[in-house]
Amino acid sequence: ILALTIAYMIFIIIFLPYQYRKGKLLNNKMGDLMQKLYDGKTKEYIAGIKKLLNEMDNDYFKAILSINMAVGYTAEGEFEKAISYLENIDANKIDKRSHMVLYHNIACNAFWAGETKKACIIMEMHKELLEKGLEMAYSKNSFCETFALWYFAKGDRNSGFVYLEKILSDKYAKNMDREFAQLIWAKEKLADGEKKEAKTFLEKIFAETKMPYLKEESSRILQQLETERL
């Protein structure tokens with residue numbers, strides 16, 4: 001869903017040369033935590049990031065860790081909490097590329113939280129910067145999701161589906177990115193009255209996802225569809 005990999009890559013690229021031995025240890029810890037996230041162990045992931053934050057004395061890396069921690073709350077469906085963490089980050093403490101990650105993640109969470117106007121303003125204000133994320137191999141799917149949400153919000157449904165197709169057709173896309181894209185697709189197809197196609201996507205998400213929010217949300221919608229059928 002979000003630019004976790006981007007934040008992590010920035011962390012590795014900048015931190016490791018800065019303090020090699022300490023950085024290598026931290027890199028290993030982050031790798032273990034990311035695996036917990038991908039396994040759906042979001043609470044363990046968040047607790048681990050908080051521990052690293054308490055041990056960190058560098059403002060820049062605290063900001064990067066906070067961006068990564070917000071991803072855990074997103075995976076749990078706590079979008080407002082994720083936004084709160086992200087908005088408390090001092091943008092003056094981070095570099096330009098990290099700004100791209102930060103604004104993207106705030107906008108993405110705002111869309112999921114239903115704060116559409118706020119999300120659209122962020123996308124419009126930082127459009128040129130955020131478009132760079134679409135050009136990077138390690139970030140393009142996360143950014144495609146957010147751009148899809150933006151175009152759907154603007155009423156450009158064709159462009160919204162085009163961005164989702166880019167994710168779904170990418171054989172290297174992370175499960176998390178693919179499943180969030182599938183959920184958006186299903187919701188938009190429901191809005192179009194295409195319940196059969198939406199149900200197919202929702203059943204696939206429910207059967208395969210490890211993300212708490214995706215499991216709960218797909219189950220909720222499937223139950224709603226079953227109730228309507230009855």
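- Under the rule for a side chain to side chain contact (heavy atoms under 4.5 Å, CB included), the partners of Thr209 that lie at least two apart in sequence or sit in another chain are Glu179, Ile205, Met211, Leu214, Lys215.
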Below 3.5 Å, can you tabulate the donor-acceptor pairs from side chains in residues 115-127 to any protein atom, sequence neighbours excluded?
unit_1: Lys118; atom_1: NZ; unit_2: Glu87; atom_2: OE2; d: 2.6
unit_1: Lys127; atom_1: NZ; unit_2: Glu131; atom_2: OE2; d: 2.6

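- Taking the six-membered ring where the residue is Trp, Tyr73 and Tyr85 present parallel rings, their angle staying beneath 30° rather than reaching 60°.
- No donor-acceptor distance shorter than 3.5 angstrom exists from the side chain of Thr146 to the backbone of Cys108, with no hydrogens or angles considered.
- The aromatic rings of Phe180 and Trp112 lie perpendicular to each other, with more than 60° between the two planes, well past the 30° mark.
- Judged by the 6.0 Å distance and 45° axis criteria, Lys154 is positioned over the aromatic ring of Tyr151.
- Interatomic distance, Met69 CE to Leu65 CG, rounded to the nearest 0.5 Å: 8.5 Å.
- Note: His99 and Tyr103 have tilted aromatic rings, judged against thresholds of 30 and 60 degrees for the angle between ring planes.
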*Apply side chain to side chain contact (heavy atoms under 4.5 Å, CB included) to the pair Met30 and Asn68, showing each step before the final yes or no.*
CA-CA 10 Å; Met30 280 299 300; Asn68 280 276; 4.0 Å; yes
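- Annotation: side chain to side chain contact (heavy atoms under 4.5 Å, CB included) contacts of Lys43 (sequence neighbours excluded): Glu76.
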When the side chains of residues 161-170 are checked against the rest of the protein, which donor-acceptor pairs come out under 3.5 Å, sequence neighbours left out?
unit_1: Ser169; atom_1: OG; unit_2: Glu165; atom_2: O; d: 2.7
unit_1: Ser169; atom_1: OG; unit_2: Lys166; atom_2: O; d: 3.4
unit_1: Asp170; atom_1: OD1; unit_2: Tyr172; atom_2: N; d: 2.9
unit_1: Asp170; atom_1: OD2; unit_2: Asn141; atom_2: ND2; d: 3.0

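- Sparse packing is recorded around CD of Glu128, with 12 or fewer heavy atoms of other residues, nucleotides or ligands lying under 6.0 Å away.
- Taking Arg157 as the reference, Glu188, Asp192 meet the salt bridge (charged side-chain N to carboxylate O under 4.0 Å, His left out) condition, with sequence neighbours excluded.
- A salt bridge links Lys187 with Glu217: at least one charged nitrogen is closer than 4.0 Å to a carboxylate oxygen.
- The ring-ring contact (aromatic ring centres under 6.0 Å, His included) check on Phe201 picks up Trp185, with sequence neighbours excluded.
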